[in-house]
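Just the heavy atoms: all of them, side chains too, but no hydrogens, waters or symmetry mates, feed the values below.
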Amino acid sequence: LHQVIINNANTLITSLAQQCNILPDQVFQLVMVGNPVMTHLFLGLNPGGLAGVPFTGIITDAFSCRAVELGLLAHRDAQLTIPPQGRGFIGSDALAGLLTLPDPRPLPYLYLDIGTNSEVILADKKGMWAASAAAGPAFEGASITFGVAGVPGAISSFSIGRDGGINYKTINNQVPVGICGSGLIDIVAGLLEYGIVSRTGLLREDIGQDIFKIRDYMDIRAVEIVAEDYTAIEGPILLTQKDIREVQLAKGAIAAGINILTKEAGISLADVANIYLAGGFGSYINPHNACKIGLLPRELEEKIRRAGNAAGLGAQSYLLDERKREEAGLLAKKVEYIELSLRKDFQSEFIQAMDF
């Protein structure tokens, strides 16, 4: 895994150097950000300490080494730097993302980077708390029956019109090949609003037959999203009962993390000034539908702000601005990590948050 990562990093370095009309050995500084497991694999370190309590890796603070020691294409004296990380599964990518937020930042605020490992950070005048919610790969398409990544042809948005008509868009306007994360949220929200999915997540067969075809797929109830004649795959694109449960598990973990951090800070959700959504997935989801299914707090819908690829932008800031390096160090010392799996109230919060 380490060598695969280094090989791909070198491909990227070579490509960037060509675009800038320089050679790789003219690169003198490199910055890498990632979650703790990614960081360990990048450095060729054993990530085994992150596999169990107390979830501690070999490195947690800022780290620097000669790039050539890792086999990276750069000047022989080039320095690779990794910004400080939080504890547990809060990595340098999350803290780098905080560097991109507006300054001064209205307090309190929530910062979310939603993925398989979803970082949730809450900051107010009293302090800063962070948690990692194990949401699973549902929002990245990996555990969804007809799920795909954000590739051409992925259904990225979906709605049911007032006349009962189905509207959807695909990435690059290609013929549908599957459902990506943003489309998944829209589909579940639409089925929920139309009553085809109940508040408890049950796929109902007595409603929606005038719009959707309910059928069996490998002995699991499913709703047809795109008919076979209109897809680029062999057969229709379906959403199964199992897929709906996967969404409930994913959004339940994230919502529970948010609720626990607000309890830890002693504030209510109504007190939050802004909620920043980071990452590729967070930049494309429909905030209204995310709130409709309970992934994000409904009372914060008007306060949702898109932060874009905050980790990448934060890495750039860390590379170019000495003040940002100092700020990252201060943030790392300030953040208090909350291990959700060790909280007595996590299970009850999680179960409660699973309902739509």
Q: Determine whether a donor-acceptor pair (N or O, by modelled atom type, separation under 3.5 Å) exists between the side chain of T81 and the backbone of S64.
A: no
Q: With distance as the sole test, does E246 use its side chain to make a donor-acceptor pair with the main-chain N or O of S143 at under 3.5 Å?
A: no
Q: Determine, stepwise, if the pair E327 / R105 fulfils salt bridge (Lys or Arg N to Asp or Glu O under 4.0 Å).
A: CA-CA 14 Å; E327 183 181 351; R105 299 155 196 160; 2.7 Å; yes
Q: Quiz question: by atom type and distance under 3.5 Å, do the side chains of H75 and Q26 form a donor-acceptor pair?
A: no
Q: Is there a donor-acceptor pair under 3.5 Å between the side chain of R306 and the backbone N or O of I285?
A: yes
Q: With a 6.0 Å cut-off on ring centres, are Y230 and Y168 close enough?
A: no
Q: Return yes when atom CG of D219 has more than 12 non-hydrogen atoms of other residues, nucleotides or ligands closer than 6.0 Å, and no otherwise.
A: no
Q: List the steps and the verdict of side chain to side chain contact (heavy atoms under 4.5 Å, CB included) for K169 and I155.
A: CA-CA 6 Å; K169 291 183 179 179; I155 297 174; over 6 Å; no
Q: Could you go through F158 and I225, starting from their C-alpha distance and side-chain angles, then the distance that decides it, and tell me whether this counts as side chain to side chain contact (heavy atoms under 4.5 Å, CB included)?
A: CA-CA 10 Å; F158 179 94; I225 304 302; 3.8 Å; yes
Q: Side chain of E339, backbone of S132: donor and acceptor closer than 3.5 Å?
A: no
Q: Measure the acute angle between the ring planes of F89 and F55, then classify it against the limits of 30° and 60° as parallel, tilted or perpendicular.
A: tilted
Q: V335 vs I90, test: side chain to side chain contact (heavy atoms under 4.5 Å, CB included). Steps then yes/no.
A: CA-CA 10 Å; V335 67; I90 302 298; 5.6 Å; no
Q: Counting only heavy atoms not in E302, do more than 12 fall under 6.0 Å of its CD?
A: no
Q: Verify the distance criterion only: is there a donor paired with an acceptor across the side chains of D243 and Q241 at less than 3.5 Å?
A: no
Q: Atom NZ of residue position K303 - does it have more than 12 heavy atoms of other residues, nucleotides or ligands inside 6.0 Å?
A: yes
Q: Could you tell me if D186 and N289 have a donor-acceptor pair between their side chains, going purely by distance under 3.5 Å?
A: yes
Q: For salt bridge (Lys or Arg N to Asp or Glu O under 4.0 Å), just list the numbers for D216 and R221, CA-CA rounded to whole Å, side-chain angles, deciding distance to a tenth of an Å, and then say yes or no.
A: CA-CA 5 Å; D216 280 336; R221 299 306 284 161; 2.4 Å; yes
Q: Going through the distances and angles, do R87 and E336 end up as a salt bridge (Lys or Arg N to Asp or Glu O under 4.0 Å)?
A: CA-CA 8 Å; R87 297 298 184 263; E336 178 183 347; over 6 Å; no
Q: Has Q352 got more than 12 heavy atoms of other residues, nucleotides or ligands less than 6.0 Å from its CD?
A: no
Q: Checking N259 against T262: is there a side-chain donor and acceptor pair closer than 3.5 Å?
A: no
